[in-house]
Structure formats: structure tokens, C-alpha cells
Amino acid sequence: MKILIIEDEAELRETIQKSLLKEKYTVETAHDFTSASDKITMYNYDCILLDIMLPNGNGLDLLKHLKQLGKSENVIIISAKNALDDKLKGLALGADDYLTKPFHIAELTARITAVLRRKYFNGKSEVQLGNCTINIQERTLKVNQHDVHLNRKEFDILNYFSLNKNRLITKSALAEYVWGDHIDQADNFDFIYYQIKNLRKKLEDSNAEMAIETVYGIGYKLIEK
Amino acid sequence: MRLLNQSLTYLSSAFLVIIGVWSILFYINIKDEIRDSIDDGLENNKLLIYQKIKADSTLLLQREFGGNNFEIHPISTQKVPFRKDVYKDTLMYRHNEDDLEPVRILHATFKHQNNYYRLKIISSLIEEDDLIEDASYSIFWLFIILIACIFIINNFVLRKVWHPFYEILNSLKNYRLNTNNSPISVTTNTKEFIQLQDASNALIHHTKKAFIAQKEFTENASHELQTPIAIITNKLELLLESDHLNHDDAKTISEVIQMTDRLKKLNKTLLLLTKIENKQFIQQEGISINTIAKAHCQQFAEYTAFKHIEIKIEEAANVQVQMNDSLADILISNLIKNAIFHNIEHGKIIILITHQMFTIINTGAKTALDSKTIFNRFTKNESKTQSTGLGLAVCKAICDLYQFKLNYQFIQNEHHFSIHFKN
């Protein structure tokens, strides 16, 4: 899988690159409008991370450029602006997702994985992890063909883990994913802990070949057994 | 008190004093004048009586006033020394009034054919109490009429003269910094009003500039902060995935991440507040408060079950409000989250949706919150240090934007937050 990061801020570009390399993606970067424009003209990518505010150009114009080239790359916009206008414009121009800075690494990984899943599943909505089958459309989990009942939040959490397989998800990232934006996370961690505990028990009871590991007591990781 | 009426108050108290003093002086003068002329009349009478006595000495036998206005008594010189004329006020019985009435009396002593006589002549006086009563009435009416006249003149003339002032005042009252009003302009030739208008416009101009500068600063600052915060969070998260980390380091890093999260949330919320106050959420549509409330309660169902909090929604009406959908979402969800996260285990939440009103009642701390500061920014429960203290400030900002009324009450150990959608 080849991914292009278009971002002018060097530190952020490098951090994202490092994280994506962990996922075994091939990563290329562009730091301004011109180099980005050159790269998308010459090569094909599976996914493009696009910052809207670029030196010497607007990221939205790159979207238009892609459309003119007839390329159907998956584009995720990364922007410091949470303006609804930009979001709608970007999505209207063919972007697949819109992520507002700052974001958690786990959130970015999840968005990329989700976009790539959509692209390569060809309408299939099942993810296979060991002997577990997660059906995203129907929101069900099957272990060895047997249904395991999960409540809404438990399924959300499992899905998030599956999008971040083998990667650390911090409690804050998980809390933000579960609760959404504009929330004071005062009391949320014990609830997260409770949900994870239930989820673990259900996975263990059904002999699933995946487990949720606690990492340093600050986050979790989904691993295949 | 209005300017017009204020001048009227001052004028009427001044009039009251002036008319009061004037009427007392006037009364004293009039009384003196009346006495003088009565005394003159009495003296004239005396001289007439002396003349008549010379011609007809039977008059000396007039011992009683009777029908006449004089009486004469002989006296011995030893008993009463020869005296000057004396005028006195006294009371006498009047048949027609059946009462004692004031009269003016002249005591004179005269000599007739070597005998001394005392002469008393009377003349009726004005009845003072009647005079005072009548005069008071007239003065009272004079006062009323004066005040009424001034009131009418004030209202007709002054109102016209002060009209530009009220126009400027109204423009200032209706001025909103964040809308593009044109400068105040009234037609007047009065120098003071032109000066007032110029001063107001200058002040508005300065305030507007400061307001815009502040707005831009908040917006830019928040935007510019997003990228560094993103870099910090992401770098730390990557660092956590490193294999060479010991447990304590990881713990520290995670704590820093949590702090950064707080920073991020603060920044986002401040940006949201700025946007609300700058009226950047323009789009409006008909929003069903019932639907939003139910959706958010559903969203937290697992959490409330975990905390054993019972949520009840009582819908007495279907409330439709014209507002921005994201703001409606934030408003209702913030109130619901507030009620959930500040609740106690085995607590309860009641959501009442009645005509043009949304009320959320929750159990929680057993003491009332300070309703004066609760909607201020950064007011927070000391036990919840993780909270940004901006949740309710956002609600307040949204309600202010749409002129909804947001209230807090503490009734029977329960916290009540209510929104009136009609103002």
C-alpha cells in the first residue's frame, strides 16, 4: 500500500510517516503544493493525506487536480480548520474523510485503515482476525462461526481496535473515539476500563484468537494469538 | 427617571417653595392693608360721632351696640386716665352666624361738657380662617395648573428639542458590535448633540477595532496552536510504542498526553465559543429538540447503565426550534453530559420537554451551585480537575446567540437546568 502525505509542517509529516511505516505502508511525502502536484500527476497512491493550507497553494485545488486527472485516489483531508464549510467543500470534491488537527495517531490509523478497507473489500464488509469475523455492516462478531453478542459500545471499541491492530491505543484516544468531541473526560476512564473488561471476558469465553493487551496501564493493544 | 420628568420634579419643588413663601407674604400684606383701611374707617366714624354728639347729646346714652356700631360709657378721670386711641381685634357674638366672629374695635376717650366718656366703635373684620381656606384653595389650583402647563410644555417643546438625543440614545442601545451597523447619524443643528454623536461614533469605531482585533487574535491563536498540539500528541504516542520504554517513563508520557488532550479540548472549546460569539454558525433549520434529546440519551445508555443512573424523558410537547443543527446538538448534549457526569451512582435524570421549554433535572452534589457563576468560563467543580469548565459556558453562549433563556435552580437536592426557547 502506498500512501502520500502532503503536509507543510515537517515535524508532523515525519511523525505521521513514522507511524505509517509501522503499519508496513510505503510512505512518500510532499511539503508544498508544487511538489504534491508533481507527485500526484506522476504516481498512483492508495491513499493521500492532504493538508488544506499549503505553501503556494490550497489543498482543495489539489483535489480538483486529481479529479481532472481522472484518478480515484482515497483522500483524507487533515486540517487545522474545523470549519464546516471546508469540510463540505472537501467532501464534495471527492475527499473520503476529514480529520481535524490535532488528532490521535490511533484515530489517523483507524481512518486510513477504514478508507483502504472500503477500497479493497469490494463491497465485502467482513474483517477476519484469526478465528474471529467482524461484520462492520451488521455490527456482529463471530468466533468460529458462533455469534458473540456485543453491546453497541463494545462493538465500537472492538472495531476501533481492529482498525488499529497491533498498535497502541491510549485511553484518551479511546475515550475520545467513544464519546466524541466536546466532552470533558472527567469520569470516562473507569467506564472504558469496564467496557474493555467485559469485551475481554467475552473474547476469552468464546476462545477467540485475539486479545486486548494492557500496555503500561495507559492504553491497550489488540493482538492476534 | 426620564430627563423630562426629572426637570419637572425640580421645577415643582421650586414652585412649591416659591408659591408657599409668596402666598404667606401676600397674605400678611393683604391682612395689614385690610386692617389699615378698617382702622381708617373706624377713625372716620369716631370723628363723625364726635360731630354728631355736639349737635345731639342723646347719642351719649347709647350704652349698647344694638343696631349701631358704637357705644358710649361715661367714666371718671380718676378711674381711667385720658388715653390715646387703641385699635384691637376681638370676638363678638353675631346673630346671623350664631357664633363669635372677629371684629375690629376702637377704644377712644373723649371729653364732652366736662364729662369724660369712653367710646367703642366696631367694624366687622374679614374672617381669617375663611380667607386662608379660600386662598389656599386658589394657590393649590395655581400650583396644579402651573405644573400641568410645564408638563405639557415639557412634553411638547422639550421632547422636540431633545429628539436628536433620544435618537442617538436608541442607536447606541441597538448597536451590536458584531453586526455591520452604519455609524449613528441624526439630523440636528444643536451643537451639543452633534458633539455627542461624533463622540459616540468615535467610541464605536475604537471598540469595533478592538473587538475585531481580539476576535482575530483568539481565532488565530487557537488555529496556530492546533498544529503544535498535534505534533506533541502524535510524537508522544509514537514514543509510547517504542520498545525501550520502562513502565515509569511510559506512565509519565501518558500523563503528558492526557495534559495535551486537555489543552486540545480547551483550545477547541475556546475556538467553538469564539465562533458562536462571532455568529459563524449561520445556517438554520427546524430542529426537533425531542429527537436530539432522545438520540443523546441513547448515546450514553451504556454509560448510564454502568453508573446505574436512571434516565427518564417526559415529553409533554414536541418542541421545534429554528437554529443551527450542530449548535443544537452541542447545546443539548452538553446539558445531558453535564447531568450524567456530575451525577452520583444510582442517581436519576429527568428530562422534561414542555411547550417551548427543555428542562433537565439531575441528582448530584447535595449543595446548590452558584447560579451567578455557573455559566462563566472556567467555573468548575473542584473534585473534577479533568474538566475544562467550559461546557456550560458553551451552552450559555449558544442560548445567548438565539436569545433563549438558560436557567439554573436547585430544588429539593436536585439540579434543574432549563432552556426557554421563546424569549
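Treat the numbers as computed from the prediction; the structure is a model and nothing was measured. Chain identifiers are assigned alphabetically (A, B, ...) following the order of the sequence lines, protein sequences preceding nucleic acid strands; residue numbering begins at 1 within each chain.
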Top contributor to chain B contacts, counting heavy-atom pairs under 4.5 Å, from A/E7, A/K101, A/Q195: A/K101
Honestly, the part of B/L225 sitting under 4.5 Å from a heavy atom of chain A is neither
pair A/K18-B/E241: side-chain heavy atoms closer than 4.5 Å: no
Rounded to the nearest 0.5 angstrom, the CZ-OH distance for A/F191 and B/Y303 is 8.0 Å
Residues in side chain to side chain donor-acceptor pair (under 3.5 Å) with B/K366, at least two apart? none
Under a 4.5 Å cut-off applied to non-hydrogen side-chain atoms, are B/E237 and A/L168 in contact? no
On a heavy-atom basis, which atom in A/Y216 and which in B/S242 lie closest, and how many Å separate them? OH-O, 3.9 Å
Side chains of B/L240 and A/V215 in contact at under 4.5 Å (non-hydrogen atoms): no
With a 4.5 angstrom heavy-atom cut-off, which part of A/S19 approaches chain B: side chain, backbone, both or neither? both
Closest heavy-atom contact between B/I229 and A/P102? CG2-CG, 3.6 Å
Any pair counted as ring pair (Phe, Tyr, Trp, His ring centres under 6.0 Å), so long as it reaches residues 147-172 of chain A, sequence neighbours left out: A/Y160-A/Y177
Any donor-acceptor pair under 3.5 Å linking the side chain of A/E11 with the backbone of B/I231? no
Is atom NZ of A/K142 surrounded by more than 12 heavy atoms (other residues, nucleotides or ligands) closer than 6.0 Å? no
Contact between B/E302 and A/E154 at the side-chain level, heavy atoms closer than 4.5 Å - yes or no? no
Quick check: does any side chain N or O of A/R152 sit under 3.5 Å from a backbone N or O of B/A301, one acting as donor and the other as acceptor? no
Taking every heavy-atom pair that is under 4.5 Å apart, which of A/E9, A/H104, A/E14, A/K22 has the most such pairs with chain B? A/H104
Could you state the interatomic distance from CD1 (A/I16) to CG (B/L238), rounded to the nearest 0.5 Å? 9.5 Å
From B/T233, B/N234, B/L236, residue fulfilling side-chain contact (heavy atoms from CB on, under 4.5 Å) relative to A/I105: B/N234
Beyond-backbone contact of B/Q299 with A/K153, side-chain heavy atoms, under 4.5 angstrom: yes
